[in-house]
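Ligands are counted one by one from 1 in listed order, and the atoms in each one are counted from 1 as well. What you see below is based on every heavy atom in this structure, not just the backbone, and it leaves out hydrogens, waters and symmetry mates.
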Amino acid sequence: MTNPLISLFTSRRRVVETFTPQRTLADVVLPPQTRLTLEHALAQVRNHALIFGRWGLGDRHTLGRGLAFNFAGPPGTGKTICAEAIAHELGMKLLVVDYAEAESMWIGETPKNIVATFRAAAEQSAVLFFDEADAIAMRRSAGLSMPHDREMNVTVNVLLRELEAFNGIVIFATNLALNFDPAFERRIRTHVLFDMPGVEERARIWELQIHPKKTPLAPDVDFRRLAERYVLSGGDIKNAVIKAAAAAAAEAGPDLGKRICRRHFECAAEEVVSAKSIMQQSLFAGGGVAAPDRFSVWRKVEAQWRSAILVALGLAGTAFVAALAAVALVLLR
Ligand SMILES: Nc1ncnc2c1ncn2[C@@H]1O[C@H](COP(=O)(O)OP(=O)(O)OP(=O)(O)O)[C@@H](O)[C@H]1O
Ligand SMILES: [Mg+2]
């Protein structure tokens with residue numbers, strides 16, 4: 001039998017990918033509360049075999065034995081790297097589904113592919129990670145008026161069914177946890193909130209982004225100062241470090257004499273801060289209204305078509321009535 005996932009794995013844009021995790025929890029800096037919630041989540045995973053195996057609960061409960069976690073937080077706060085670190089900690093592979101990409105590629109076939117993805121994770125004993133999963137977590141719509149709503153509802157129902165039957169670990173990463181479907185929320189064991197890092201965490205993230213031995217730093221570099229001065233996410237800090245290194249490397253002179261100095265880091269951090277504010281302006285251009293996503297664009301197109309069809313039907317109706325009147329006139333003469 002052919003595996004329906006083969007086409008997903010071999011497609012040019014990889015929306016489903018399995019890999020052996022490299023990064024560990026030592027590579028992630030988290031605020032104490034987030035770290036604690038994550039430790040509890042890991043303890044649940046480690047005790048899973050004990051509870052459902054030796055203690056016999058698996059024989060009593062054949063459904064709902066899996067562990068589902070939701071990592072929620074702003075971009076660049078370490079959700080993806082943490083999913084990788086957890087799989088590493090458990091000695092498992094990570095099966096990543098880039099959900100936002102997948103949904104746009106799987107139009108009309110999302111439920112079938114979700115089933116195949118769960119099956120692949122079970123076969124490979126991999127931690128299943130739905131990245132950018134905001135759309136799945138959304139409330140099922142009551143109206144069911146649009147084709148997209150209908151497909152979304154079927155998708156969420158299939159996902160709930162698969163989650164219920166899955167006896168493994170599933171992690172969802174979302175930027176917005178507000179719109180959660182209550183049924184979906186019930187099946188998620190733990191929500192881990194990834195907050196923006198504070199000064200302490202930022203200072204450690206700056207340090208983690210460079211190589212402790214190989215990266216040439218000038219003596220004036222002070223990560224604590226950078227952490228106090230710039231409120232950035234871990235992802236922003238990573239970008240700033242790469243920009244600073246690129247600027248230092250581009251300077252004239254022999255490579256051996258090149259150093260990344262405080263000014264390189266400061267310029268890079270300024271650039272990242274201003275790039276973020278430009279992004280925010282373009283996202284919220286037009287009086288604080290967010291730029292339309294593809295579904296609102298789809299709804300708009302559908303609404304335009306609907307009005308066009310109504311106008312056409314109206315015109316056809318008028319023409320029909322006029323024709324009837326003409327026939328009646330002829331007959332009455
Ligand atoms: N808490 C953190 N500790 C250490 N490094 C971090 C942390 N957060 C982010 N980083 C760095 O930033 C990079 C991007 O982070 P990651 O992709 O995990 O963020 P994310 O929360 O998944 O973002 P998004 O919501 O945009 O997917 C990581 O590869 C890592 O180098
Ligand atoms: Mg991510």
Please state which protein non-hydrogen atom is closest to atom 24 (P) of ligand 1 and give its distance, to 0.1 Å? G76 N, 3.7 Å
Short question: side chain of E271, backbone of A240 - any donor-acceptor pair under 3.5 Å? no
Side chain, backbone, both or neither: I205 near ligand 1, heavy atoms under 4.0 Å: side chain
Between E266 and Y230, do the side chains contain an N or O donor and an N or O acceptor separated by less than 3.5 Å? no
Touching ligand 1 at all, R204? Heavy atoms, strictly under 4.0 Å? no
For atom 21 (O) of ligand 1, the closest protein heavy atom turns out to be K79 NZ, 2.7 Å
Do T190 and Q44 have side-chain N/O donor and acceptor atoms under 3.5 Å apart? yes
Closer than 4.0 angstrom, basic N to acidic O: yes or no for K276 and D236? yes
Does ligand 1 come near enough to V29 that some N or O of the ligand is less than 3.5 Å from an N or O of the residue? yes
Quick one: do R263 and E251 make a salt bridge, cutoff under 4.0 Å? yes
Identity and separation of the nearest protein heavy atom to atom 22 (O) of ligand 1: T80 OG1, 2.8 Å
Nearest non-hydrogen protein atom to atom 14 (C) of ligand 1, with distance, is G235 CA, 4.1 Å
Note: E207-R204 ion pair, threshold 4.0 Å (strictly below): no
Could you tell me whether R186 and E164 make a salt bridge, using a distance below 4.0 angstrom between a side-chain N and a carboxylate O? no
Backbone N or O of G314 within a donor-acceptor pair of the T318 side chain at under 3.5 Å? yes
Numbered atoms and elements of ligand 1 in range of E132, under 4.0 angstrom, heavy atoms: 27 (O)
Any donor-acceptor pair under 3.5 Å linking the side-chain atoms of D195 with those of T77? no
Tell me if a side-chain donor or acceptor on R224 pairs with a main-chain N or O of A203 at a distance below 3.5 Å. no
Contact partition for K238 relative to ligand 1, non-hydrogen atoms under 4.0 Å: side chain
Measure the distance from atom 31 (O) of ligand 1 to every protein heavy atom, then report the residue, atom name and distance (to 0.1 Å) of the closest one. Q209 NE2, 3.2 Å
Could you tell me whether some N/O pair between L208 and ligand 1 is separated by less than 3.5 angstrom? no
Decide ring-ring contact (aromatic ring centres under 6.0 Å, His included) for F129 and F172; before the verdict, give the C-alpha distance in whole Å, the side-chain angles of both, and the deciding distance to 0.1 Å. CA-CA 6 Å; F129 178 50; F172 296 93; 9.0 Å; no
I'd like to know if the side chain of E132 reaches the main chain of Y99, judged simply by a donor and an acceptor atom lying under 3.5 Å from each other, with no hydrogens or angles considered. no
Ligand 1 contact by R23, heavy-atom criterion under 4.0 angstrom: yes
If you leave out waters, which protein N, O or S atoms are less than 2.8 Å from the Mg ion (ligand 2)? T80 OG1
Nitrogen or oxygen of G78 less than 3.5 angstrom from that of ligand 1: yes
Out of curiosity, is D236 lining ligand 1, as in a heavy atom under 4.0 Å away? no
Just wondering, are more than 12 heavy atoms of other shown residues or ligands nearer than 6.0 Å to NZ in K258? yes
What protein heavy atom sits nearest atom 18 (O) of ligand 1, and how far off is it? I81 N, 3.0 Å
If the cut-off is 4.0 Å to any non-hydrogen atom of N175, which atoms of ligand 1 fall inside it? 25 (O)
For P75, the ligand 1 atoms whose distance to one of its heavy atoms is below 4.0 Å: 23 (O), 24 (P), 25 (O), 26 (O)
To the nearest 0.1 Å, how far is atom 4 (C) of ligand 1 from its closest protein heavy atom, and which atom is that? D27 O, 3.3 Å
Indicate yes or no: does R187 engage E162 in a salt bridge with an N to O separation below 4.0 Å. no
Quick one: are F194 and P31 in side-chain contact, heavy atoms under 4.5 Å? no
Among all the protein's non-hydrogen atoms, which is closest to atom 6 (C) of ligand 1, and how far away is it? G234 CA, 4.1 Å
